[in-house]
Amino acid sequence: MPSRTVRAAALLAAIGFATGVAAAVQETTYSRIELIAEQASVPATGGRVTLGFHLEPNRGWHAYWLNPGDAGKEPSIDWALPDGFTVQPLQFPTPHLIPFGDFNTYGYEGAILLLAEVDVPSGLEPGTAIRFAGEPGWVVCDDALCVPEDADIELTMLVGDGGIDAAVADRFAAARNALPEQAAWPARFALVDERIEFDAQLPVGAGAPATLFIAPKRFVRYGEQTIVRTAAGLRFTMAAGRRAADHDAVDAVLRYRNADGEDAAAWLTFAKNDGALPAVAAPSGAVATAATAGEVIRAIVFGLLGGILLNLMPCVFPILSLKALGLADLSKAGAKAARESGLLYTAGVLATFLVIAVLLIVLRQAGEAVGWGFQLQSPWVIVVLGLAMVAIGLNLAGVFEIGTRAMGLGQGLTASNERRAAFFTGALAVVVATPCTAPFMAGALGFALVQPVPVALAVFLALGFGLALPYLALTLLPALGRVLPKPGPWMATFRHVLAFPMLATALWLFWVIGRQLGATGMAVALLAALFLGFALWAYGRSAGGNRTAVWRTAAAAGLVACIAAGANIGDRPIATTAADAAGSPTHRLGKLEPEAFTPDRVVGYVESDTPVFVYFTADWCISCKVNERIALATDEVGDAFNSRGIKVIEGDWTTEDPVITEWLTRYDRAGVPLYLYFPAGSSLADATVLPQVLLPGVVIDAIDAADTAVADAAVG
């Protein structure tokens with residue numbers, strides 16, 4: 001009966017090590033293991049012998065199921081058996097959910113007996129010694145550490161009648177009762193956009209609480225399971241994993257409550273359904289993934305507003321200055337040239353936003369934890385972008401001109417050159433805008449990334465159109481263009497001045513490299529910039545007409561040296577320090593001492609009713625650094641936090657961190673910054689989410705309002 005599962009698991013954990021056909025108990029650093037056999041002898045006439053691998057992690061540690069979930073590794077055995085003997089796959093007891101911070105893992109916190117059926121050939125000589133040996137490997141974890149372990153096991157048995165060993169019969173009976181019951185209940189699944197729906201028909205009276213454990217790895221993501229009761233059973237909805245399209249049938253263990261109100265478990269095979277499963281009503285509290293038309297329209301409007309406001313963020317200032325120079329010069333070329341420039345700039349912005357959106361969607365569907373600005377987590381991307389800023393800065397400073405001869409200001413504004421420049425300037429504006437998040441923008445992107453692909457692309461394109469709109473309006477509406485100053489000699493000086501914001505941007509990008517890869521990585525990046533500067537200077541000298549071949553050879557050598565240096569930048573982040581791992585303050589933020597982010601630390605403070613402020617940042621996020629400087633690091637905010645005993649936790653997303661990405665997604669954000677406040681007495685679901693643009697008063701007012709709301713709720 002299915003109801004035997006829980007009783008059998010408890011019995012299995014309590015049974016001692018009985019005598020009989022068994023090898024000696026071995027103790028590893030964190031486990032006790034033993035190889036035993038259900039039979040007292042090997043049957044001479046052939047048949048089967050059931051071996052049992054007993055694994056008992058130390059107190060406070062746990063082992064894993066055949067699919068460990070977000071982390072861990074299942075036990076396995078590399079068998080060495082006599083000729084003619086074959087072994088079946090290990091049989092695992094029903095697992096249970098073991099949350100670890102924001103991860104969900106599947107396993108066991110007590111002793112387990114994994115069964116392996118061995119097929120025995122016939123015609124064995126009675127009294128012959130048969131040796132079963134193997135090399136098991138497994139992983140055990142506690143709340144802070146995961147350790148892989150291995151051993152050598154063996155068991156020698158004599159050939160005889162193959163009768164059951166009474167000394168271990170209870171242990172094997174308990175192990176079999178702990179296995180999920182093989183069930184042929186109707187079960188099917190369907191892949192719907194970015195999620196998978198599983199329908200299981202259950203016996204009358206059975207149902208939730210229930211958990212579905214999917215056997216194939218990476219078929220689903222192991223976060224929240226939405227459960228809906230259907231006419232015949234239960235429907236589970238989970239986010240699709242990177243292997244979601246690889247299976248036409250999926251095995252799973254369903255742990256559920258039977259008609260008697262007892263825990264039970266069944267092994268089911270879900271067949272792939274042709275098309276979507278029949279619609280069912282969602283229960284109260286279920287997480288909805290399909291958006292209404294009003295929600296989609298609101299997200300698109302927010303995306304448009306966020307794109308417009310993104311022009312005011314410090315990331316985009318250098319590019320906007322460059323376009324302002326182009327606008328002033330375009331006034332000489334006429335209205336037609338100005339319109340072409342605006343339209344091509346907009347096309348460059350939209351095309352680049354489309355590329356980023358597609359990359360984000362594809363990577364997230366493949367199971368990668370990425371978000372807005374994800375490309376800046378790669379040192380290679382930052383180096384290339386930094387070198388591009390160096391090249392643009394030197395071009396504006398007059399060190400070199402594109403072409404085979406030096407061109408005066410305005411000569412590059414022929415139709416073909418301006419078209420190319422306008423398009424790629426739009427693309428560059430998007431790339432340099434990714435370190436910033438504007439108001440309205442975070443919510444729109446967070447919404448987009450959990451919607452079907454057409455909705456997500458519409459929101460991204462609205463954001464891009466908003467970014468391009470101010471420049472496009474200036475080029476299409478002559479009345480707006482009249483506010484610009486008239487062309488004149490001042491433009492040459494202004495062009496040289498614009499070189500410095502570009503070089504400052506390059507300097508900041510190389511600083512980010514230093515934060516990611518250390519001083520050596522930053523030095524290599526600066527060396528690549530030096531070689532690039534030499535190459536462009538030599539290229540500029542080649543336009544003078546004297547010794548052109550020599551100068552171009554020098555330019556080519558400099559470019560080769562730049563590429564060689566950049567190729568050696570490496571991509572390993574700085575190792576986590578002991579202080580970081582312990583959560584000790586690694587830097588001060590004004591009067592605040594942030595602790596390093598871990599899910600357990602946040603959960604611990606929230607569950608202990610300690611107020612905690614959690615902020616997610618990145619060194620390449622200019623919006624984050626501006627907020628930290630003008631708001632969080634001020635004495636006003638520091639005094640308010642310290643007087644109330646508010647703990648501060650910093651999540652650093654400078655390099656890829658799937659755990660932080662999952663937290664961003666949990667609070668409907670696609671990137672940083674994200675600011676969360678958990679008042680005393682709140683829960684993880686009750687976080688106060690602060691705006692993306694902070695001032696001291698904004699922070700303190702949000703804290704006051706959250707504390708007041710919790711206090712009022714407690715009184716009520």
Side-chain angles (χ1 to χ4, degrees), residues 102 302 306 309-310 313-315 371-373 435-447 585-599 601-603 605-606 610-642 644-654 657 659-680 682-710:
D102 207 42
F302 277 12
L309 294 175
L310 192 57
M313 297 294 105
C315 311
W372 176 252
C436 284
T437 303
F440 299 106
M441 178 178 163
L445 290 180
F447 171 86
T586 55
H587 66 92
R588 293 187 65 88
L589 192 60
K591 293 185 176 182
L592 304 177
E593 294 185 353
E595 301 176 50
F597 168 81
T598 67
R601 182 165 291 115
V602 178
V603 171
Y605 281 138
V606 172
T610 301
V612 58
F613 180 84
V614 185
Y615 69 99
F616 297 97
T617 182
D619 287 334
W620 42 260
C621 173
I622 297 181
S623 299
C624 304
K625 298 307 173 186
V626 171
N627 286 336
E628 291 165 22
R629 176 65 61 88
I630 68 173
L632 301 182
T634 61
D635 290 346
E636 188 178 355
V637 171
D639 290 338
F641 277 38
N642 292 332
R644 304 179 195 205
I646 298 174
K647 300 294 184 179
V648 179
I649 294 179
E650 177 191 76
D652 189 349
W653 206 49
T654 300
D657 188 329
V659 178
I660 291 179
T661 307
E662 290 294 335
W663 274 65
L664 295 173
T665 303
R666 171 184 290 184
Y667 294 100
D668 298 325
R669 290 293 183 267
V672 290
L674 172 62
Y675 306 100
L676 304 172
Y677 177 58
F678 301 92
S682 64
S683 67
L684 292 180
D686 299 328
T688 296
V689 181
L690 278 69
Q692 283 73 52
V693 177
L694 298 182
L695 292 171
V698 172
V699 176
I700 295 173
D701 289 346
I703 302 301
D704 287 339
D707 288 342
T708 301
V710 171

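Position 1 is the first residue of the sequence, and the numbers go up from there.
- Checked against side-chain hydrogen bond (donor to acceptor under 3.5 Å, both in side chains), D639 has the following partners two or more places apart in sequence or in another chain: K591.
- Looking at heavy atoms from C-beta onward, V606 lies in side-chain contact with V612 at the 4.5 angstrom threshold.
- Every residue two or more places apart in sequence or in another chain was checked for a ring pair (Phe, Tyr, Trp, His ring centres under 6.0 Å) with Y605, and none qualifies.
- Looking at every heavy atom in both residues, I660 comes nearest to F616 through CG2-CD2, 3.6 Å.
- Under the rule for a ring pair (Phe, Tyr, Trp, His ring centres under 6.0 Å), Y675 has no partner lying at least two apart in sequence or in another chain.
- In plain terms, the two heavy atoms of T610 and G645 that are nearest each other are CG2-O, 4.3 Å.
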For residues 696-709, tabulate all N or O donor-acceptor pairs below 3.5 Å that involve a side-chain atom, not counting sequence neighbours.
{"residue": "D704", "atom": "OD1", "partner": "R644", "partner atom": "NH1", "Å": "2.8"}
{"residue": "D704", "atom": "OD1", "partner": "R644", "partner atom": "NH2", "Å": "2.5"}
{"residue": "D707", "atom": "OD1", "partner": "Y677", "partner atom": "OH", "Å": "2.8"}
{"residue": "D707", "atom": "OD2", "partner": "R644", "partner atom": "NH1", "Å": "3.2"}
{"residue": "D707", "atom": "OD2", "partner": "Y677", "partner atom": "OH", "Å": "3.4"}
{"residue": "T708", "atom": "OG1", "partner": "D704", "partner atom": "O", "Å": "2.8"}

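- Taking 4.5 Å as the limit, some side-chain heavy atom of P594 sits within range of a side-chain heavy atom of V648.
- Smallest separation of non-hydrogen atoms from F597 and V614: CD1-CG1, 4.3 Å.
- Shown here are the salt bridge (charged side-chain N to carboxylate O under 4.0 Å, His left out) partners of K625, two or more places apart in sequence or in another chain: D619, E628.
- Here the closest heavy-atom approach between residue L589 and residue Y615 is recorded as CD2-OH, 3.5 Å.
- Once rounded to the nearest 0.5 Å, the distance linking CG of L592 with NZ of K647 reads 11.5 Å.
- When the ring pair (Phe, Tyr, Trp, His ring centres under 6.0 Å) test is applied to F678, no partner is found at least two apart in sequence or on another chain.
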- Take V689 and L676, measure what side chain to side chain contact (heavy atoms under 4.5 Å, CB included) needs, and give me the verdict at the end. CA-CA 5 Å; V689 181; L676 304 172; 3.7 Å; yes
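- When all heavy atoms of A631 and L694 are compared, the closest pair comes out as CB-CB, 3.7 Å.
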